[in-house]
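Notes for the one structure printed next.
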Amino acid sequence: MSEPLPYRAIVTAHAGELHERFAELAAGDGSGVTVTVAGRVMLRREMGKLTFMTMSEWTGQLQLFAGSQWTERFDELNRLSLGDWVSATGEVVRTRTGELSVRVGSWALLAEARRSFGDKWRGISDVDTRYRQRYADLWANPRSRQVLMARSRVVSALRRGLESGGFVEVETPVFHPVPGGATARPFVTHHNALDMDLYLRIALELHLKRLVVGGIERVFEIGRVFRNEGLSPRHNPEFTMLELYQAYADYHDMMDLTENLVAGVAREVTGGTRTEYAGRELDLAPPWRRATMLDLIAEHSGHEVGLDMPVEELTALASRLGVHVEPGWGPGKVVLEIYEKTTEPNLWGPVFVMDYPKEVSPLARDHRSSPGMVERFEVVVAGRELCNAFSELTDPDTQLANFEAQARARAAGDEEAMPVDTDYVRALEYGLPPTGGMGMGVDRLVMLLTGSEAIRDVIAFPTLRPEVGED
RNA sequence: GCGCCUCUAGCUCAAUGGCAGAGCAACGGACUCUUAAUCCGCAGGUUCUGGGUUCGAAUCCCAGGGGGCGCACCA
């Protein structure tokens, strides 16, 4: 390195805008416009006294056209490595063969690529390398960049959609003294000064409802939650949830809101509501089908079930259907298990699966007409849960009783059952108005809209085992 | 955590018990309109690691490590 690398580059144009602006420029013509562009050298084609390089930057690709007659330090330019960052100044021209180019006069090396980005045609396909070295994957594989951009647009569209509906965005604690708001095993950490264990949040729910008690009538958070569970193509230990709560609303209102929100995001991100996922057509246009869990079980398993059936009969049916049940489960848990094994994977959707057993829904409000049920729905798309929503439980006595039942299950060995959150009960004692709440897996929404079948494809840096013995 | 599959040059892949190879990248050279440029030349290896079987192991066996998929768990 004979000269120090520059501290900045004055970039006056980008590939995307140049392709648009000079779309009409004829082959062999110059534009008379001089620009400075910057990016990475992706390909180089040397022709003796002419060199063509494909430069890539955030908005697209652009050809650099260099020649010994007009390009400074031409020999040095030819020694650039693929992957090096450069800036180049020159006239925008279209070559005789029709490629829009910058005819390089002066140029500068901005950064060296000491490592190569893999096969120039096939990129990097080793999934381990792609996830571990996302910085290389993003350059080598255009699809990775498209997914990352789509994710940004999804989150942005969600935020704008909610803000235009009068929702206020908040941030609530990630450290929880008591994990709650969902049934899942938490991560534990320790605060030294307070000398106490803290849990990384598994849901946003309880703090957001506290804020509704405090008078924020429409509130939402888009935030990371953490669940101490196995990894899979559809599960990452940290993932992003959207949760929203709306005072004076019930779960019917949440259904209207959810289908409109998701369809709106789909239109903004993909240009429409029709998309393809796992080789199948998917249409997110409202209205979505609304059906009760019991009706869907009957439809898919061929068996009518109900919470009024004796638990022995339900257990026997589950066994006949090949659904494993644990002793001690109540009818609600058995019914949910039958639903999850026989019905949910076969729902293509989108469909609102309505009315869940109270037994498995400690934060939802009793159904106004179906005994033993709560007003809750999940949205299922492509056989997987996308959203979970309730008419929120507002009564502090019932909430306390539900927490205590959970605590007993926890004491009996169910590590996912919730402990009692006495402060949350105290908040309810100040009065929570009728409230509808909804939670959505943002990663899964991005997966649907980008056709990604692995959650790791939509998370820039997914959780992996640390490397050993690598440089 | 369990089961199955997988790991070879920087990248993508061959070689299935008998001399570890190709394309791209790198390196040297030719070429004034290329588009994965082309052509000539040259170099590149702890075949994931350790042990074993064998005259001989990338290949078969055992153990360990990384990854993928499935199961379990969950969203």
Side-chain angles (χ1 to χ4, degrees), chain A residues 27-28 41-55 61-71 74 78-83 93-101 103 113-133 136-137 139-141 181-186 202-204 225-243 324 326 336-337 340-341 344 378-381 383-388 414-416 439-445 447 453-456 462 464-471:
Chain A
V41 176
M42 300 304 282
L43 299 170
R44 184 177 55 232
R45 296 173 289 279
E46 285 183 53
M47 290 284 303
K49 296 194 174 70
L50 293 184
T51 293
F52 304 88
M53 293 189 295
T54 302
M55 188 201 74
Q61 296 196 330
L62 189 65
Q63 180 166 269
L64 302 182
F65 180 26
S68 60
Q69 300 299 304
W70 65 80
T71 300
F74 181 74
N78 284 328
R79 287 198 300 273
L80 287 175
S81 296
L82 301 190
V93 301
R94 193 173 290 281
T95 58
R96 278 181 227 157
T97 49
E99 186 72 28
L100 191 72
S101 309
R103 197 171 181 274
R114 296 193 193 175
R115 295 171 184 262
S116 78
F117 286 89
D119 191 286
K120 69 184 178 185
W121 184 238
R122 283 181 269 203
I124 298 171
S125 61
D126 180 74
V127 291
D128 189 35
T129 307
R130 289 187 45 227
Y131 298 144
R132 283 190 199 281
Q133 303 185 39
D137 177 44
W139 281 104
N141 301 315
T183 52
R185 292 167 64 183
I202 57 175
L204 314 176
V225 299
F226 309 85
R227 298 190 183 177
N228 208 335
E229 291 153 0
L231 288 74
S232 90
R234 285 160 293 281
H235 299 88
N236 197 62
E238 50 178 310
F239 62 101
T240 301
M241 290 252 314
L242 159 69
E243 286 196 30
H324 176 75
E326 298 276 344
L336 179 68
E337 205 64 20
E340 286 186 349
K341 291 293 184 293
E344 188 179 80
E378 291 190 354
V379 172
V380 176
V381 186
R384 294 201 282 271
E385 181 187 337
L386 177 66
C387 305
N388 185 19
D414 182 350
E415 287 185 79
E416 295 181 349
M440 184 189 305
V442 173
D443 311 88
R444 288 202 171 164
L445 180 59
M447 289 168 70
E453 292 186 44
I455 195 169
R456 287 171 184 172
L464 301 168
R465 277 193 174 79
E467 288 177 281
V468 286
E470 286 289 321
D471 60 346

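We name chains A, B, ... by the order of the sequence lines, and we start the count at 1 in each one.
When rounded to the nearest whole Å, the span between CD of A:Glu337 and C1' of B:A72 equals 11 Å. Following rounding to the nearest Å, A:Asp126 (CG) and B:C11 (P) show an atom-to-atom distance of 8 Å. Rounded to whole Å, the distance from CD on A:Gln133 to C1' on B:C11 is 12 Å. Atom P of nucleotide B:G70 and atom NZ of A:Lys341 are separated by 15 Å, given to the nearest angstrom. Residue A:Arg79 contributes atom CZ, which lies 19 Å from atom P of B:A25 at whole-angstrom precision. Atom CZ in A:Arg122 sits roughly 9 Å away from atom P in B:U12 (whole-Å rounding). Nucleotide B:G10 holds its C1' atom 10 Å from the CZ atom of A:Arg115, rounded to whole Å. Remark: C1' of B:A36 and CD of A:Gln61 are 12 Å apart, rounded to the nearest angstrom.
Remark: B:U34 base-pairs with no nucleotide in the shown strands. Criterion, Watson-Crick or G-U wobble with two distances under 3.5 Å. Under the Watson-Crick or G-U wobble criterion, with both distances below 3.5 Å, B:C4 is paired with B:G68. Nucleotide B:G23 is matched to B:C11 when pairs are restricted to Watson-Crick or G-U wobble geometry with both distances under 3.5 angstrom. With both pairing distances under 3.5 Å, B:C60 is matched to B:G52 as a Watson-Crick or G-U wobble pair.
With centroids closer than 5.5 Å and planes inclined by less than 30 degrees as the test, A:Phe52 and the base of B:A37 fail to qualify as a stacked pair.
At a threshold of 4.0 angstrom between heavy atoms, the contacts of A:Arg44 are confined to the sugar-phosphate backbone, with no base atom among them. Across all strands, A:Asn388 comes closer than 4.0 Å to no nucleic acid atom at all (heavy-atom distances). If you check every strand for non-hydrogen atoms under 4.0 Å, A:Gly439 touches nothing. Nucleic acid contact class of A:Asn236 (heavy atoms, under 4.0 Å, all strands): base. Within 4.0 Å of A:Phe117, counting heavy atoms only, lies no atom of the nucleic acid at all.
Contact annotation: the side chain of A:Glu337 never approaches that of A:His324 to less than 4.5 Å [non-hydrogen atoms, C-beta and beyond]. A 4.5 Å side-chain heavy-atom check between A:Asn228 and A:Pro237 finds every atom pair outside the cut-off.
Remark: the separation of the C1' atoms in B:C13 and B:U8 is 9 Å, to the nearest Å. To the nearest whole angstrom, the two C1' atoms, one in B:A75 and one in B:A63, are 37 Å apart. As rounded to the nearest Å, B:A58 and B:A20 have C1' atoms that lie 8 Å from one another. Look at the P atom in both B:A14 and B:C48: the space between them is 14 Å, to the nearest Å. For the C1' atoms, the distance linking B:A22 with B:A15 amounts to 11 Å, nearest Å. Distance noted for atom C1' between B:G10 and B:G65: 22 Å (whole Å). B:A25 and B:A37 have their C1' atoms separated by 15 Å, with the value rounded to a whole Å. B:U59 and B:G17 have their C1' atoms separated by 7 Å, with the value rounded to a whole Å.
Within a 6.0 Å radius of CZ in A:Arg384, other residues, nucleotides and ligands contribute more than 12 heavy atoms.
Of the listed nucleotides (B:U12, B:A75, B:U34), B:U34 has the atom at the smallest distance from the side chain of A:Thr95. Comparing atom distances between the A:Asp128 side chain and each of B:C13, B:A26, B:G66 picks out B:G66 as nearest. When distances run from any side-chain atom of A:Glu46 to the nucleotides B:C33, B:C31, B:C13, the shortest one goes to B:C31. Out of B:U32, B:A75, B:A25, the shortest distance to the side chain of A:Lys120 is found at B:A25. Of the listed nucleotides (B:G66, B:A37, B:U34), B:A37 has the atom at the smallest distance from the side chain of A:Leu43. Closest to the side chain of A:Arg132, from the set B:G67, B:A75, B:U35, is B:G67. Minimum atom distance to the side chain of A:Glu229 is reached by B:C73, of the listed B:C73, B:U34, B:U32. Here B:A25 is the nucleotide among B:A75, B:C13, B:A25 with the atom lying nearest to any side-chain atom of A:Ser116. Out of B:U12, B:G70, B:A25, the shortest distance to the side chain of A:Arg234 is found at B:G70. Checking B:U12, B:U32, B:A75 against every side-chain atom of A:Glu385, the shortest atom distance belongs to B:A75.
No hydrogens or angles were tested; on distance alone, a donor-acceptor pair under 3.5 Å links the side chain of A:Asp119 to the base of B:G23. In terms of polar N and O atoms assigned as donor or acceptor, the side chain of A:Gln63 comes within less than 3.5 Å of the base of B:U34 in a complementary pairing. For A:Thr97 and B:U35, a side-chain-to-base donor-acceptor distance below 3.5 Å is present, hydrogens and geometry of angles not being considered. Checked by distance alone, A:Thr51 brings no side-chain donor or acceptor within 3.5 Å of a matching partner on the base of B:U34.
Comparing A:Ser68 and A:Leu80 along RNA chain B, the residue whose closest nucleotide (by nearest heavy atom) sits nearer the 5' end is A:Leu80. Along RNA chain B, the nucleotide nearest to A:Gly98 and the one nearest to A:Gly118 differ in position, and the one closer to the 5' end is contacted by A:Gly118.
The backbone N or O of A:Ile202 sits less than 3.5 Å from a side-chain atom of A:Arg227, completing a donor-acceptor pair. Side-chain N or O atoms of A:Ser101 include one that pairs as donor or acceptor with a backbone N or O of A:Glu99 at under 3.5 Å.
Here A:Asp137 pairs with A:Arg130, A:Arg134 under the salt bridge (charged side-chain N to carboxylate O under 4.0 Å, His left out) rule; sequence neighbours left out.
Between A:Ser125 and B:U12, a side-chain N or O to OP1/OP2 separation shorter than 4.0 Å is present.
Between A:Phe65 and A:Trp70, the closest heavy-atom pair is O-NE1, 3.5 Å.
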With side chain to side chain donor-acceptor pair (under 3.5 Å) as the criterion, how do A:Thr54 and A:Arg45 come out once you've worked through the C-alpha distance, each side chain's angles and the decisive distance to 0.1 Å?
CA-CA 9 Å; A:Thr54 302; A:Arg45 296 173 289 279; 3.3 Å; yes

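The line from NZ of A:Lys120 to CE of A:Met42 is 11.5 Å long, rounded to the nearest 0.5 Å.
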